[in-house]
Amino acid sequence: MSAASSQPVVTRFAPSPTGYLHIGGARTALFNWLYARGRGGKFLLRIEDTDRARSTPEATTAILQGMAWLGLDHDGDVISQFDGAARHAEVAHELLAAGKAYKCFSSQDEIQAFRDAAKAESKSTLFHSPWRDTDATDHPDVHYVVRIKAPQDGSTIIKDEVQGDVTIRNDQLDDMVLLRSDGTPVYMLAVVVDDHDMAVTHVIRGDDHLNNAARQMMIYNAMGWDVPVWAHIPLIFGGDGKKLSKRHGATGAEEYQAMGYPAAGMRNYLTRLGWSHGDDEFFTDAQARDWFDLKGIGKSPARFDFKKLESLCGQHIAQTGDAALQKEIIAYLAVSGKDALSAAQADGLLKGMYCLKERAKTFPELLDKAVFVLSQRPITPDEKAAKNLGDVSRGILKELTPHLHNVTWDRDSLEAVLNGFAEAQGTKFGKLAGPLRAALAGRAVTPSVFDMMLVLGQEESLARLSDAAA
RNA sequence: GGCCCGUUCGUCUAUCGGUUAGGACAUCUGGUUUUCAACCAGGAAAGAGGGGUUCAACUCCCCUACGGGCUGCCA
């Protein structure tokens with residue numbers, strides 16, 4: 001085991017700024033965050049922007065926003081990998097000086113020709129540079145790349161916390177390029193140098209990097225550096241078992257935010273996707289931090305299931321404090337481009353939150369249940385509600401209204417009055433509910449009639465009732 | 001092509017050689033109810049296939065099938 005296990009934990013998330021924060025990347029970030037936060041360690045963020053053609057500042061912003069939404073706060077400054085280019089090159093030169101790397105003068109055309117030929121003959125396409133052991137006096141005066149001298153026999157064992165020990169024969173490793181012919185470092189070098197310099201102890205990343213770990217270990221070994229603890233986690237698939245892509249719907253974190261899923265529910269779902277702690281399904285952030293470990297991560301890819309996400313989100317909404325929920329909903333409205341709430345609406349929403357949050361899985365759903373408190377008089381009933389406001393119903397409402405003028409406006413009194421009124425009419429309260437919903441909310445589906453009256457208050461409730469009865 | 005990884009109910013998963021293979025989401029049935037949701041009770045539902053090892057295999061080994069990854073002067 002590496003020396004890293006006895007040091008304070010340092011993890012990092014290292015996305016490429018070529019687009020939004022992919023939901024799979026978000027989970028990788030979450031795992032790193034959870035691991036570090038649960039152990040009093042540090043969670044670092046490094047933007048892998050060495051591919052200048054594809055990297056954009058907009059993408060970096062999108063990634064930062066996605067992480068902010070999910071509450072994944074990182075320690076220290078955001079590090080740009082590109083900024084470290086000189087240091088990366090320095091390491092390559094160090095390796096060159098130590099005879100652990102060499103200058104290769106083969107042109108890309110030559111290499112390509114070799115690979116094409118090898119492929120045609122179904123032979124290994126690993127390129128063996130003829131320059132590995134040539135004397136400097138034989139070097140031509142042309143551009144060259146710097147390649148590492150890969151070990152030629154034996155094997156490399158990746159001790160992975162998720163995948164177990166993975167053995168790769170060294171003859172499967174080629175003398176990979178460290179510095180391009182223009183002198184710039186490649187990614188494979190940059191990650192290793194950065195992870196070492198940042199003192200990263202645990203590398204938790206997608207398993208598409210599993211094989212790369214063996215290549216990267218060549219650099220660690222050549223430099224005499226400690227190898228970090230590896231944890232290569234499986235990717236997330238769409239519901240059909242294929243790699244999660246646009247046709248599955250949302251792939252960007254901000255899309256989930258715009259769809260109105262609460263961040264806490266998202267964290268819970270993403271944490272549980274591919275990781276388990278016995279039978280625990282619903283948990284708080286504090287529990288997640290306490291429980292999260294590498295051993296609990298599964299080895300097979302998991303499919304994204306919106307139904308389960310919603311179920312978990314519903315539970316989180318129900319457990320979140322009213323004021324915090326109101327704040328999150330206001331933020332949701334802003335990012336999803338919907339109309340902002342007026343001060344009165346925000347106030348009403350907060351007042352009604354106690355009964356709204358019990359019955360919504362997403363913010364749009366909650367807002368839909370909240371129309372009664374967000375609307376102003378006069379209330380225009382929708383089609384279904386209108387059916388409950390026929391002549392007979394209006395007559396009943398007209399008769400009922402006076403009974404509500406002198407009651408104490410609390411649940412018990414209201415229930416007593418309405419039930420008594422129903423009884424007097426020779427009917428049951430259930431019959432009254434439809435017209436009352438229509439009058440109070442203009443809808444056929446609403447929260448409890450009593451809750452609405454309580455939230456709206458006596459004056460407003462009576463006004464709406466009179467409006468409808470008129 | 002070569003190398004590497006994976007495969008338990010529809011889905012996420014538990015199990016770490018001996019269990020009636022457990023839970024959750026979804027689904028079905030019944031109940032409660034003031035609409036919707038929620039809630040309560042119950043049901044159906046799984047070890048990819050084939051060989052070994054063992055008294056005993058979902059669990060260990062091998063092969064096959066299927067899925068995925070790597071094999072760049074991309075990250």
Close N or O pairs between protein and nucleotides 12-14 of chain B (under 3.5 Å):
unit_1: C12(B); atom_1: OP1; unit_2: R303(A); atom_2: N; d: 3.1
unit_1: C12(B); atom_1: O2'; unit_2: R272(A); atom_2: O; d: 3.4
unit_1: C12(B); atom_1: O2; unit_2: K308(A); atom_2: NZ; d: 3.2
unit_1: U13(B); atom_1: OP1; unit_2: G274(A); atom_2: N; d: 2.8
unit_1: U13(B); atom_1: O3'; unit_2: S276(A); atom_2: OG; d: 3.3
unit_1: U13(B); atom_1: O2'; unit_2: R272(A); atom_2: NH2; d: 3.2
unit_1: A14(B); atom_1: OP1; unit_2: S276(A); atom_2: OG; d: 3.1

Report each atom pair, protein N/O against N/O of nucleotides 38-47 of chain B, whose distance is under 3.5 angstrom.
unit_1: A38(B); atom_1: OP1; unit_2: K361(A); atom_2: NZ; d: 3.2

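- Contacts of residues 288-295 of chain A with RNA chain B (heavy atom under 4.0 Å): none.
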Donor-acceptor list for residues 297-310 of chain A side chains, cut-off 3.5 Å, not counting sequence neighbours:
unit_1: R303(A); atom_1: NH1; unit_2: G239(A); atom_2: O; d: 3.3
unit_1: D305(A); atom_1: OD1; unit_2: K307(A); atom_2: N; d: 3.0
unit_1: K308(A); atom_1: NZ; unit_2: E281(A); atom_2: OE1; d: 3.0

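- Every residue was checked against the ring pair (Phe, Tyr, Trp, His ring centres under 6.0 Å) condition with H74(A), not counting sequence neighbours, and none meets it.
- Checked against side-chain hydrogen bond (donor to acceptor under 3.5 Å, both in side chains), H22(A) has no partners two or more places apart in sequence or in another chain.
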N/O to N/O distances under 3.5 Å, protein versus nucleotides 71-74 of chain B:
unit_1: G72(B); atom_1: OP2; unit_2: R115(A); atom_2: NH1; d: 2.6
unit_1: C73(B); atom_1: OP1; unit_2: R115(A); atom_2: NH2; d: 3.3
unit_1: C73(B); atom_1: O2; unit_2: S181(A); atom_2: N; d: 3.0
unit_1: C73(B); atom_1: O2; unit_2: S181(A); atom_2: OG; d: 3.0
unit_1: C73(B); atom_1: N3; unit_2: S181(A); atom_2: OG; d: 3.0
unit_1: C74(B); atom_1: OP2; unit_2: R180(A); atom_2: NE; d: 2.2
unit_1: C74(B); atom_1: OP2; unit_2: R180(A); atom_2: NH2; d: 2.9
unit_1: C74(B); atom_1: O3'; unit_2: R180(A); atom_2: NH2; d: 3.4
unit_1: C74(B); atom_1: O2'; unit_2: D51(A); atom_2: OD2; d: 2.6
unit_1: C74(B); atom_1: O2; unit_2: R54(A); atom_2: NH2; d: 3.1

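- Partners of Y144(A) by ring pair (Phe, Tyr, Trp, His ring centres under 6.0 Å), not counting sequence neighbours, listed by chain and number: F105(A).
- Here E255(A) pairs with K246(A) under the salt bridge (Lys or Arg N to Asp or Glu O under 4.0 Å) rule; sequence neighbours left out.
- Residues meeting the salt bridge (Lys or Arg N to Asp or Glu O under 4.0 Å) test with R289(A), sequence neighbours left out: none.
- Applying the side-chain hydrogen bond (donor to acceptor under 3.5 Å, both in side chains) criterion to D368(A), with sequence neighbours excluded, gives R443(A).
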For a quick test of your reading: what N or O donor-acceptor pairs under 3.5 Å do the side chains of residues 86-95 of chain A make, sequence neighbours left out?
unit_1: R87(A); atom_1: NH1; unit_2: D197(A); atom_2: OD1; d: 2.8
unit_1: R87(A); atom_1: NH1; unit_2: D197(A); atom_2: OD2; d: 2.8
unit_1: H88(A); atom_1: ND1; unit_2: G84(A); atom_2: O; d: 3.3
unit_1: H88(A); atom_1: NE2; unit_2: D194(A); atom_2: OD1; d: 2.7
unit_1: H88(A); atom_1: NE2; unit_2: D194(A); atom_2: OD2; d: 3.4

